[in-house]
Novice: 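Below are the structure tokens for one structure; questions will follow.
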Amino acid sequence: MSFQDLLVPVDSFDARPVVAALVALALEEGASDLHLRPTEGRVEVLLRRDGILSARLELSPQAYARLLVGLKNMARLASYKKSIPQDGRLDVEGTEVRVATVPTHFGEKVVLRFLHPDRHRLEMDGLGFTARELERLQRMVDRPQGLVLATGPAGSGKTTTLFAALRWRFARHRALLGAELNVVTLEDPVETAVPEFTQSPILPERGMTFASGLRSILRQDPEVILVGEIRDGETASAAVQCSLSGHLVLSTLHARDSLGVIPRLLEMGTEAYLLAASLEGVISQRLVRRLCPECRRTLPPPPALARERREHDLPADAPCWEAVGCAECHGMGFSGRTAVPELLEVDDDLRQGILDRAPLRALRERASLVPLRRAALERVASGVTSWAEVQRTIP
């Protein structure tokens with residue numbers, strides 16, 4: 001049965017088999033999101049796979065109108081409200097789907113995001129970090145107290161990395177001491193339940209914000225706290241105070257790179273002496289697509305790549321790989337994504353730079369880290385990803 005057959009507008013239209021067919025198509029191709037985007041005279045069905053959005057099908061506006069009503073009802077949204085954004089959830093044959101609608105010039109656009117239950121169950125050795133990077137990350141999250149931040153653009157895997165690190169810390173605590181570790185999280189929203197942790201959703205309309213939640217969960221006697229995101233000065237101040245009072249606090253923050261979190265927090269009103277005393281480490285990361293191992297091939301390194309390798313003290317003539325495309329990767333040349341991290345451990349020299357409110361250039365000279373770009377170039381040489389992919393994703 002084709003999608004057009006399913007979408008014939010009839011009086012007793014049932015959206016459930018159509019939604020199930022669309023979700024099945026997306027999951028079969030390994031998509032993380034499905035977009036229903038209305039344009040002039042048609043509605044496009046797009047899939048986001050490994051971070052790349054591509055059109056797959058087209059629907060008629062009449063068929064989409066009926067599908068939209070049914071989809072909203074399934075997600076427990078108000079089908080008659082067309083001029084405001086709405087968010088809901090539904091379950092499609094065991095797959096939990098987050099539904100978000102937004103009004104546009106040509107009608108309501110819908111995005112379905114698939115919430116994979118294993119997202120927050122990823123182990124640290126599955127992140128794609130090298131042995132050296134894993135060792136640095138483990139040192140950061142094994143501290144008894146302090147503030148550890150993850151930064152990067154939306155969708156760069158920050159939260160997944162933090163949860164993997166938390167699971168490692170939890171297992172290590174249990175193995176060494178034979179005792180439980182009290183881990184409390186504040187999330188917006190709680191997408192995936194982790195049985196070992198106490199997870200609380202943010203509900204701003206009821207007064208439950210990241211800042212107020214932090215003050216409340218201190219009475220739950222936590223040892224490790226994860227805050228979904230530091231968005232404002234109030235949350236930043238609460239996170240710093242929690243870390244200084246004997247807790248390990250992990251959170252995310254939007255900044256250009258690892259060192260960029262320092263001026264960002266200072267701009268939010270965090271006192272330099274408090275930040276210097278609390279900040280233990282920063283993880284800045286991007287996601288790059290993995291080359292398909294079945295069809296990747298080598299080629300001579302382009303002059304720009306050779307030149308940049310020399311700048312980073314890497315072998316200029318190391319291998320370079322490119323995407324080809326085959327049946328295994330649906331002709332994309334890539335299969336899955338992996339993290340490329342920049343890990344900053346805060347030492348005494350850098351703390352003094354924070355206290356002195358040194359400019360970013362001076363902080364960079366004091367910092368001991370492997371730049372994000374160099375970490376990416378190492379993955380090009382090992383055949384994990386391509387030079388073109390690095391150019392696309394990492395500044």
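Counting from 1, the numbers follow the sequence of the chain as shown. Values reported hereafter were calculated over all heavy atoms of this structure, with side chains retained and with hydrogens, waters and symmetry mates removed.
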Novice: Any chance you could lay out the salt bridge (charged side-chain N to carboxylate O under 4.0 Å, His left out) test for K81 and E108, step after step, and finish with the verdict?
Specialist: CA-CA 10 Å; K81 292 183 178 180; E108 289 180 275; over 6 Å; no
Novice: Write down the atom of P301, the atom of C320, and the distance for their closest heavy-atom approach.
Specialist: CA-CB, 4.0 Å
Novice: I'd like to know if the side chain of R169 and the backbone of V141 have a donor-acceptor N/O pair within less than 3.5 Å.
Specialist: yes
Novice: Say whether, by atom type as modelled, one donor and one acceptor occur between the side chain of T101 and the main chain of Q86 under 3.5 angstrom.
Specialist: yes
Novice: Going only through I, L, V, M, F, W and Y residues with side-chain contacts under 4.5 Å, is there a path from L186 to V190?
Specialist: no
Novice: Under the 3.5 angstrom rule, does the side chain of S237 hit a backbone N or O of G233 as a donor-acceptor pair?
Specialist: no
Novice: Looking at side-chain heavy atoms only, is the closest gap between P263 and L360 below 4.5 Å?
Specialist: yes
Novice: Answer yes or no: is there an ion pair linking R132 with E378, defined by an N-O contact shorter than 4.0 Å?
Specialist: yes
Novice: Check whether R48 reaches the backbone of G51 with its side chain - one donor and one acceptor, N or O, closer than 3.5 Å.
Specialist: yes
Novice: Hey, what's the ring geometry for F197 with F163, parallel, tilted or perpendicular (30° and 60° as the breaks)?
Specialist: tilted
Novice: Using side-chain heavy atoms (C-beta onward) and a distance below 4.5 Å, is R219 in contact with S216?
Specialist: yes
Novice: Ignoring hydrogens and geometry, is there a side-chain-to-backbone donor-acceptor pair from Q241 to A238 under 3.5 Å?
Specialist: no
Novice: Going by heavy atoms in the side chains, are V380 and W321 under 4.5 Å from each other?
Specialist: no
Novice: With hydrophobic residues grouped by side-chain heavy-atom distances under 4.5 Å, do F106 and L36 end up in a single group?
Specialist: no
Novice: With no hydrogens and no angle check, is any side-chain donor or acceptor of R42 less than 3.5 Å from a backbone partner on P61?
Specialist: no
Novice: Please say which of R351, R139, R366 ends up in a salt bridge (charged side-chain N to carboxylate O under 4.0 Å, His left out) with E345.
Specialist: R139
Novice: Quick one about Q285 and E342 (side-chain donor to acceptor, distance below 3.5 Å, no hydrogens or angles considered), yes or no?
Specialist: no
Novice: Under 3.5 Å, side chain of D87 to main-chain N/O of A100, donor-acceptor pair present?
Specialist: no
Novice: Between the main-chain N or O of H247 and the side-chain N or O of Q145, is there a donor-acceptor pair closer than 3.5 Å?
Specialist: no
Novice: Any idea which heavy atoms bring L363 and G353 closest together, and the distance?
Specialist: CD2-C, 3.7 Å
Novice: For the residue pair Q352 and D356, confirm or rule out a side-chain donor-acceptor distance under 3.5 Å.
Specialist: yes
Novice: Are V384 and F334 in one and the same hydrophobic cluster, where Ile, Leu, Val, Met, Phe, Trp and Tyr link if side-chain heavy atoms are under 4.5 Å apart?
Specialist: no
Novice: Determine the minimum heavy-atom distance between E328 and C292, stating which atoms define it.
Specialist: CB-SG, 4.4 Å
Novice: Flag yes if more than 12 heavy atoms outside R16 fall under 6.0 Å of its CZ atom; otherwise flag no.
Specialist: no
Novice: Less than 4.0 angstrom from a charged side-chain N to a carboxylate O is my criterion; do E308 and R373 meet it?
Specialist: yes
Novice: What distance separates C242 SG from I217 CD1, expressed to the nearest 0.5 Å?
Specialist: 6.5 Å
Novice: Can T338 and R289 be said to form a side-chain contact (heavy atoms from CB on, under 4.5 Å), step by step?
Specialist: CA-CA 6 Å; T338 188; R289 291 181 293 168; over 6 Å; no
Novice: As a test of understanding, state which of T270, L265, T235 forms a side chain to side chain contact (heavy atoms under 4.5 Å, CB included) with V240.
Specialist: T270
Novice: When hydrophobic residues are tied together by side-chain contacts of less than 4.5 Å, even through go-betweens, does V18 share a cluster with V92?
Specialist: yes
Novice: Take L377 and H312 through the test side-chain contact (heavy atoms from CB on, under 4.5 Å) and record every step on the way to the result.
Specialist: CA-CA 9 Å; L377 294 178; H312 287 282; 3.6 Å; yes
Novice: With the threshold set at 4.0 Å, does a side-chain nitrogen-carboxylate oxygen contact exist between E389 and R392?
Specialist: yes
Novice: Quick one: pull up CG in D33 and CZ in F114 and give me the separation to the nearest 0.5 Å.
Specialist: 7.0 Å
Novice: What closest approach, in Å, do G94 and D91 show between heavy atoms, and which atom pair accounts for it?
Specialist: N-OD1, 3.1 Å
Novice: A quick test of your reading: do over 12 heavy atoms of other residues, nucleotides or ligands sit less than 6.0 Å from CZ of R113?
Specialist: no
Novice: Report yes or no: does E223 contribute a side-chain atom to a donor-acceptor pair with the main-chain N or O of N182 at less than 3.5 Å?
Specialist: yes
Novice: What distance separates L115 CG from R89 CZ, expressed to the nearest 0.5 Å?
Specialist: 5.5 Å
Novice: Are the side chains of V148 and L248 in touch, meaning some heavy atoms are under 4.5 Å apart?
Specialist: yes
Novice: Are L46 and L71 connected, step by step, through hydrophobic side chains (Ile, Leu, Val, Met, Phe, Trp, Tyr) whose heavy atoms are closer than 4.5 Å?
Specialist: no
Novice: Counting distance only, does the side-chain N/O of R49 pair as donor-acceptor with the main-chain N or O of E29 below 3.5 Å?
Specialist: yes
Novice: Contact between L350 and D348 at the side-chain level, heavy atoms closer than 4.5 Å - yes or no?
Specialist: no
Novice: Would you check if E58 and V45 make a side-chain contact, meaning some heavy-atom pair closer than 4.5 Å?
Specialist: no
Novice: For the pair I230 and L149, evaluate side-chain contact (heavy atoms from CB on, under 4.5 Å) and give the outcome as yes or no after the intermediate values.
Specialist: CA-CA 9 Å; I230 293 177; L149 298 174; 3.9 Å; yes
Novice: Between R379 and V340, is a side-chain contact (heavy atoms from CB on, under 4.5 Å) present by the stated rule, with each step listed?
Specialist: CA-CA 8 Å; R379 284 158 171 81; V340 179; 3.6 Å; yes
Novice: Distance check, rounded to the nearest 0.5 Å: L134 atom CG versus Q138 atom CD?
Specialist: 5.5 Å
Novice: Between R37 and E44, does any side-chain N to carboxylate O distance fall below 4.0 Å?
Specialist: yes
Novice: What is the distance from atom OG1 of T151 to atom CD1 of I283, rounded to the nearest 0.5 Å?
Specialist: 10.5 Å
Novice: Can you name the closest pair of heavy atoms from S156 and L287 and give their distance?
Specialist: O-CG, 3.4 Å
Novice: Please determine if D257 and R364 form a salt bridge, counting it only when a charged side-chain N lies under 4.0 Å from a carboxylate O.
Specialist: yes
Novice: With side chains defined as the heavy atoms from C-beta onward, is the minimum distance between R374 and D313 less than 4.5 Å?
Specialist: yes
Novice: Quick check for you: to the nearest 0.5 Å, what is the distance between R337 atom CZ and I52 atom CD1?
Specialist: 8.5 Å
Novice: Hey, are the side chains of S258 and L369 touching, using non-hydrogen atoms and a 4.5 Å cut-off?
Specialist: yes
Novice: So that I can tick it off, tell me whether E322 and R296 are bridged by a salt bridge, with the cut-off set at under 4.0 angstrom between side-chain N and carboxylate O.
Specialist: no
Novice: Between G383 and L291, which heavy-atom pair has the shortest distance, and what is it?
Specialist: O-CD1, 3.7 Å
